[in-house]
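First up is the structure itself, then whatever we jot down about it.
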Amino acid sequence: MRDIRLLTEVFIPGTLIGPFSGANPGLGGICTFIGEVRAEDGVEALELTQYEPITLPGMHELADRAFARFDLMGLLMVHRVGQMLPGEPIVCVSAAASHRRDAIEAVDFCMDHLKGRAWFWKREKRAGEWRWIEPRDEDYTDLARWKD
Amino acid sequence: MRDIRLLTEVFIPGTLIGPFSGANPGLGGICTFIGEVRAEDGVEALELTQYEPITLPGMHELADRAFARFDLMGLLMVHRVGQMLPGEPIVCVSAAASHRRDAIEAVDFCMDHLKGRAWFWKREKRAGEWRWIEPRDEDYTDLARWKD
Amino acid sequence: MTIRILFLGPLADLAGQLECEVEGPLDWDGLLAFAGPAVAEQLQLERVNVACAGKVLADKTALSAVDGDEIALLPPVSGG
Amino acid sequence: MTIRILFLGPLADLAGQLECEVEGPLDWDGLLAFAGPAVAEQLQLERVNVACAGKVLADKTALSAVDGDEIALLPPVSGG
């Protein structure tokens with residue numbers, strides 16, 4: 001079961017994960033990561049921009065790579081775009097597998113690639129001013145772990 | 001927020017994770033692993049035995065180590081004991097953190113230790129016969145990754 | 001029909017516009033000249049990509065856009 | 001008051017019982033003799049642990065149980 005989506009409105013991860021888990025009967029383990037807009041340092045809002053012709057297709061390619069690399073039964077990958085408020089979920093990745101390490105590593109793999117290589121541009125608003133977020137060095141280091 | 005429990009009855013992971021997530025406001029990411037009794041190869045039931053004086057205290061020590069090793073806001077670790085049926089959850093570990101890698105790695109760490117070092121003994125019933133499960137070599141290899 | 005050029009993320013701030021149109025055909029040198037010095041400097045960085053007609057170019061200097069194409073200038077990503 | 005000995009997991013099958021009682025004091029050699037050859041063989045494997053009075057012994061051969069203690073014989077674990 002494969003469910004890859006961009007969402008423009010706030011979502012409740014539990015409403016995605018319940019059906020996803022149910023759609024993969026016989027699974028041994030399911031690992032889920034949910035990223036939220038951190039409420040810190042006076043961040044008032046976050047905005048994620050996509051470029052329609054490549055962002056969702058890029059997520060599908062990433063899912064293909066995850067299925068090729070790990071022994072998965074299902075993969076859910078949902079990413080918000082547009083403006084978000086602190087506490088709102090940005091991203092939800094869930095992997096169902098027979099064995100736990102495939103599920104956990106697939107989530108780790110997808111998250112590193114969503115952070116460091118997927119076609120999103122992020123800016124945040126502090127004290128009324130929007131500022132673009134540059135990728136952190138860590139994001140590249142994390143990504144380098146998966147080099148074939 | 002720390003929630004470490006042994007449960008003797010079937011549980012619904014979502015009813016634990018919702019409140020856990022809500023109890024860690026300001027988190028950046030939350031990673032959750034749920035292990036279920038696999039419905040394969042004619043497994044009819046699974047039984048997990050604990051030894052009361054050490055099993056839950058051992059899980060608390062594991063939580064201490066996870067908090068010492070990763071930058072966590074909260075950790076949920078719930079393990080079933082007793083008899084379970086295929087499809088029922090056995091274990092649920094959820095870690096809330098400011099940064100995703102701490103959350104994901106803490107779950108990976110706790111699961112490897114729950115599988116390979118926590119005080120549980122597992123047997124499964126196939127065709128009416130109970131058989132004890134030996135740890136797999138993989139479980140030891142997984143555990144060795146975390147040697148300090 | 002013209003070529004549409006989109007400035008994504010911080011490149012829009014640098015360009016002072018989200019998009020513009022230009023008469024085709026357009027190659028790499030034409031793009032650099034058209035984009036102005038600030039954006040052109042960014043475009044020459046390895047970590048800035050260019051998509052044309054919905055595909056990210058493996059070699060952006062091989063750009064060869066014709067009227068009707070959409071070119072997107074893609075700065076370093078920061079998702080998740 | 002006696003010492004209670006618990007056989008956990010597969011050791012219960014091997015011992016043919018879940019638990020038994022023995023008069024204290026009991027040391028490592030006493031335990032091996034009391035447990036019978038099949039269980040004693042397991043006990044001598046590094047991956048089999050012994051708990052006494054609620055604590056897993058770092059050195060099981062240093063066992064020194066007295067009446068009122070509970071000894072638990074702990075085969076390799078298989079959780080999660």
Side-chain angles (χ1 to χ4, degrees), chain A residues 6-7 33-38 46-62 77-82 84 88-93 107-124 129-140 142-143, chain C residues 1-22 24 26 31 35-36 38-80:
Chain A
L6 287 174
L7 297 181
F33 178 84
I34 298 160
E36 298 187 356
V37 182
R38 263 194 297 280
L46 196 76
E47 186 183 51
L48 275 166
T49 304
Q50 63 147 337
Y51 177 51
E52 182 110 27
I54 59 174
T55 303
L56 189 60
M59 287 171 68
H60 276 287
E61 281 166 32
L62 175 56
M77 204 190 299
V78 171
H79 212 293
R80 268 293 301 280
V81 290
M84 285 154 263
E88 287 184 15
I90 307 173
V91 60
C92 175
V93 174
V107 167
D108 201 16
F109 174 86
C110 289
M111 279 306 307
D112 280 352
H113 285 79
L114 285 172
K115 290 285 286 192
R117 198 179 283 170
W119 299 106
F120 295 104
W121 297 273
K122 183 159 66 178
R123 58 178 189 165
E124 59 185 29
E129 295 278 324
W130 284 103
R131 191 176 62 84
W132 290 100
I133 307 298
E134 290 283 312
R136 302 170 307 157
D137 287 344
E138 263 166 86
D139 295 330
Y140 294 120
D142 290 344
L143 201 53
Chain C
M1 292 274 278
T2 53
I3 294 170
R4 204 167 153 223
I5 301 179
L6 301 187
F7 302 87
L8 271 294
L11 290 181
D13 293 353
L14 208 59
Q17 57 189 345
L18 284 168
E19 57 177 272
C20 63
E21 301 209 346
V22 57
L26 190 72
L31 176 66
V39 172
E41 190 188 329
Q42 289 294 311
L43 282 176
Q44 291 181 80
L45 300 176
E46 198 192 340
R47 60 203 201 120
V48 172
N49 283 280
V50 173
C52 182
K55 298 285 172 205
V56 180
L57 302 177
D59 174 8
K60 62 194 171 189
T61 67
L63 173 71
S64 171
V66 295
D67 282 342
D69 281 346
E70 180 171 280
I71 295 174
L73 310 185
L74 312 169
V77 298
S78 56

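Side-chain atoms are counted along with the backbone in the values below, which use heavy atoms only and exclude waters and symmetry mates.
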- Quick one: what part of A:Arg131 sits under 4.5 Å from any heavy atom of chain C, side chain, backbone, both or neither? neither
- Message: Taking atom CD as the centre, does C:Glu41 end up with more than 12 heavy-atom neighbours from other residues, nucleotides or ligands that are less than 6.0 angstrom away?
- Response: no
- Item | chain A contacts, top residue of C:Pro10, C:Ala51, C:Ala72 (heavy-atom pairs, under 4.5 Å) | C:Pro10
- Query: Based on non-hydrogen pairs under 4.5 Å, which of A:Tyr51, A:Trp130, A:Trp132 is most in contact with chain C?
  - Reply: A:Trp132
- Query: Does A:Asp137 CG have over 12 foreign heavy atoms under 6.0 Å away?
  - Reply: no
- Message: Restricting to non-hydrogen atoms, name the atom on C:Ser78 and the atom on A:Lys122 that form the minimum distance, rounded to 0.1 Å.
- Response: O-CB, 3.0 Å
- Message: For A:Glu52, is the CD atom crowded, meaning more than 12 foreign heavy atoms sit under 6.0 Å from it?
- Response: no
- Task: Check each atom of A:Gln50 against the heavy atoms of chain C and say whether the ones under 4.5 Å are side chain, backbone, both or neither.
- Result: backbone
- So, for A:Trp121 and C:Pro75, which heavy atoms are closest and what is the spacing to 0.1 Å? NE1-O, 2.8 Å
- Message: Heavy-atom cut-off 4.5 Å, strictly under: side chain, backbone, both or neither for A:Phe33 against chain C?
- Response: neither
- Query: Is there side-chain contact between A:Trp119 and C:Val77, with heavy atoms separated by less than 4.5 Å?
  - Reply: yes
- Query: How many angstroms lie between OG1 in A:Thr49 and CG in C:Leu18, if you round to the nearest 0.5 Å?
  - Reply: 9.0 Å
- Task: Identify which of C:Leu6, C:Asp13, C:Leu74 forms the greatest number of heavy-atom pairs closer than 4.5 Å to chain A.
- Result: C:Leu74
